[in-house]
J.: 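Structure provided below as structure tokens; questions to follow.
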Amino acid sequence: MTDNILLADLLLPNITKEPEYYENLYPARNLPEGARVTRIAPSPTGYLHLGTLFAALVNRITATSSGGVFYTRIEDTDKKREIKGGIEDIIDGLNRFSVEIDEGFFSGTNQKGEYGPYKQSERAEIYQTYVKKLIKEGLAYPCFCTAEELEEVRNIQESRKIRTGYHGEWAKHRNITYAEAKELIDQGKPFVIRLKSPGNEQNKIIFEDAVKGKIEMPENDEDFVLLKSDGIPTYHFAHAVDDHLMHTTHVLRGDEWISSVPKHIQLFKILGFKPPKYGHISPIMKLDGGAKRKISKRKDPEAAVHFFAEQGYMSECVIEYLMTIAASDFEDWRRANPDKSYKDFKFNLKKMSVSGALFDPVKLIDVSKNRVCRLSSTQMYSLVTDWAKEFDKEFYEILTRNPDYTKAVFAIDRDVPKPRKDIAKWNEVKEYFSYMFDELYSPDFTLPENISKEAAVAFLNEYKSVYSDTDDKQTWFNKIKEIAPKLQFASETKEYKANPEKYKGHAGDLSTVLRIAITGRRNTPDLCSIMQVLGKDRCIERIENAVRG
RNA sequence: GGCCCGGUGGUCAAGAGGCCUAAGACACCGCCCUUUCACGGCGGUAACACGAGUUCGAAUCUCGUACGGGUCACCA
């Protein structure tokens, strides 16, 4: 036993605190019964992607639904893979998607809360304190194996078809003595600290996963690394120490972690910690060719959450869509509560899908349209200009030149009982309303086959003289109906349908002619409103222009 | 390969042994409404991976097979 204490002091001479110090520093949270403490622990090795956002959302809503706390912790223990700006991108992204952060990093550089620091690189001493304790107890030891040695062992294991890894008799330094360790250290040999796993591969551990249900796995017998040679912990060890000290109740993370659970549970047990409840979330998949596969940061542009911002999806629409994947009962709830925030939804992990859902852009569009159509023209104006300012400068200039005019454009067929559902994202707006802005207007005057050019021109010339921009919708259409008979068109569609051979067409056809003349398109929202917003002068001008063309 | 996990229409899914002749939503198609288009309304196409077993009865329970996914680092 004294050997272990000597070893501990030899390996971690600068660690003088005892675990009790931290246990007292971070007392239990003062939270009501049943409150869940969740977290998202991103590593700044890339930008915020859909999977991370999804996991964050699930953690967030789990905390919210139980009156708990959701915090962020930066897992920057892999200095090699870290990219600059990673933390900022992830935290800012969470903020942009209104995934509210109660504690931890709430911006790229700022953290708050009583359980910090919330960045693992700033917690080295804490981890080392616990490692030192394990060494003293004979539950951890230094390993001096080089990458080459490890590789060699692995090759032997593979060739003999036995389970690979650093375990049992293959764990070379498992029983290293103080004297041996001292000698190697004196030689300047680098080392890692490994767990002296008390596990037996023959034993099973059973745990209840909050989303997948009961899972049975072999106990861990691998002497995995706790502290890397740079003194920084591996994920596994940091997870155990941090989630214990930060009093996480529910660890909800991607299901790629599921195979590590035996390691984690073992660690909690050895350290004398109460393990959290685990819930493993299935990844969001994507269809590639004919095959389903996990959505990938590298291959799929939509994996980077930034993609949605560029396209002009409202962040709440993306969240709304993600909620439909996260909770099978969300859509029913939404129908019953169209105006509530998703935050009011009572989320239940049991309602999560066990298998990975395919990311469905079509469904996202539908969700978006249903949200966008409920926006007021003023809200539209503010959202679209904000987007354009960042992603389409030219359009931004056009939109903001005359805000009242732009708002009037957005008001067309909006704020009515049956709003249109044409727009899903802001990068569609420019094209959708291009005819409302002279510099974007590029008309196509092609007429439908059933209408002759002569008839169209005759109608337009006639119409020009009667148009008034103060007419209401009914009067406006009546004027078209009045002209119709003069050109052998039926005033009423029914009349025409009853005797198509008697007419060249009907009033509806003439309104199409007018629509084409004014907007250069066959399909648009309400023409009367469009013409009112455009103003009489521009309408007449466009009609004349169309007649010439 | 070892160890885990998964499976209902094209997609998301409801489903806890009889209420399943299998819900709903998205998409698609048709009809109606209608000055275009949308919206809305009505209707339609389309699914329990396969094979054994348990049972009076299986989408549901058990076991196999094939398939899909994850994981086997001093990465998280």
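Keep in mind it's a predicted model, so treat the numbers as computed, not measured.
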J.: Applying a 4.0 Å non-hydrogen cut-off, can you work out what A:Glu216 is touching in the nucleic acid: base, sugar-phosphate, or nothing?
T.: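 The residue A:Glu216 makes sugar-phosphate contact but no base contact.
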J.: What salt bridge (charged side-chain N to carboxylate O under 4.0 Å, His left out) pairs are there with at least one residue in residues 349-368 of chain A, not counting sequence neighbours?
T.: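 Applying salt bridge (charged side-chain N to carboxylate O under 4.0 Å, His left out) to every pair that reaches into residues 349-368 of chain A, excluding sequence neighbours, yields A:Glu331-A:Lys363.
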J.: If the condition is side-chain hydrogen bond (donor to acceptor under 3.5 Å, both in side chains), which residues does A:Lys119 pass it with, not counting sequence neighbours?
T.: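 A:Lys119 satisfies side-chain hydrogen bond (donor to acceptor under 3.5 Å, both in side chains) with no residue once adjacent residues are dropped.
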J.: Who are the side-chain hydrogen bond (donor to acceptor under 3.5 Å, both in side chains) partners of A:Asp526, not counting sequence neighbours?
T.: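 With neighbours one apart ignored, the set is A:Ser529.
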J.: My understanding is that only residues two or more places apart in sequence, or in another chain, count here; which of them pass side-chain hydrogen bond (donor to acceptor under 3.5 Å, both in side chains) with A:Lys294?
T.: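 By the side-chain hydrogen bond (donor to acceptor under 3.5 Å, both in side chains) rule, A:Lys294 matches no residue at all.
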J.: Using a 4.0 Å cut-off on protein heavy atoms (strictly under), produce a 5'-to-3' string for nucleotides 30-40 of chain B with B for base contact, S for backbone-only sugar-phosphate contact, and - for none.
T.: -----BBBSBS
J.: Among residues at least two apart in sequence or on other chains, which ones pass side-chain hydrogen bond (donor to acceptor under 3.5 Å, both in side chains) with A:Thr493?
T.: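 Residues passing side-chain hydrogen bond (donor to acceptor under 3.5 Å, both in side chains) with A:Thr493: none at all.
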J.: Could you check which nucleotide pairs with B:rC31 in any of the strands shown, counting Watson-Crick or G-U wobble with both distances under 3.5 Å?
T.: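 Pair assignment: B:rC31 / B:rG41.
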J.: I'd like to check the side chain to side chain contact (heavy atoms under 4.5 Å, CB included) partners of A:Glu216; sequence neighbours left out, ordered by chain and number.
T.: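 Side chain to side chain contact (heavy atoms under 4.5 Å, CB included) check on A:Glu216 returns A:Lys204, A:Ile206.
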J.: I'd like to compare against my own output: the B/S/- annotation of nucleotides 62-76 of chain B with a strict under-4.0 Å heavy-atom distance to protein.
T.: -------SSS-SBBB
J.: For atom CD of A:Glu149, decide whether the heavy atoms of other residues, nucleotides or ligands shown that lie under 6.0 angstrom number more than 12.
T.: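 Correct, the count exceeds 12.
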J.: Residues in ring-ring contact (aromatic ring centres under 6.0 Å, His included) with A:His49, at least two apart?
T.: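 Partners of A:His49 under the ring-ring contact (aromatic ring centres under 6.0 Å, His included) test: none.
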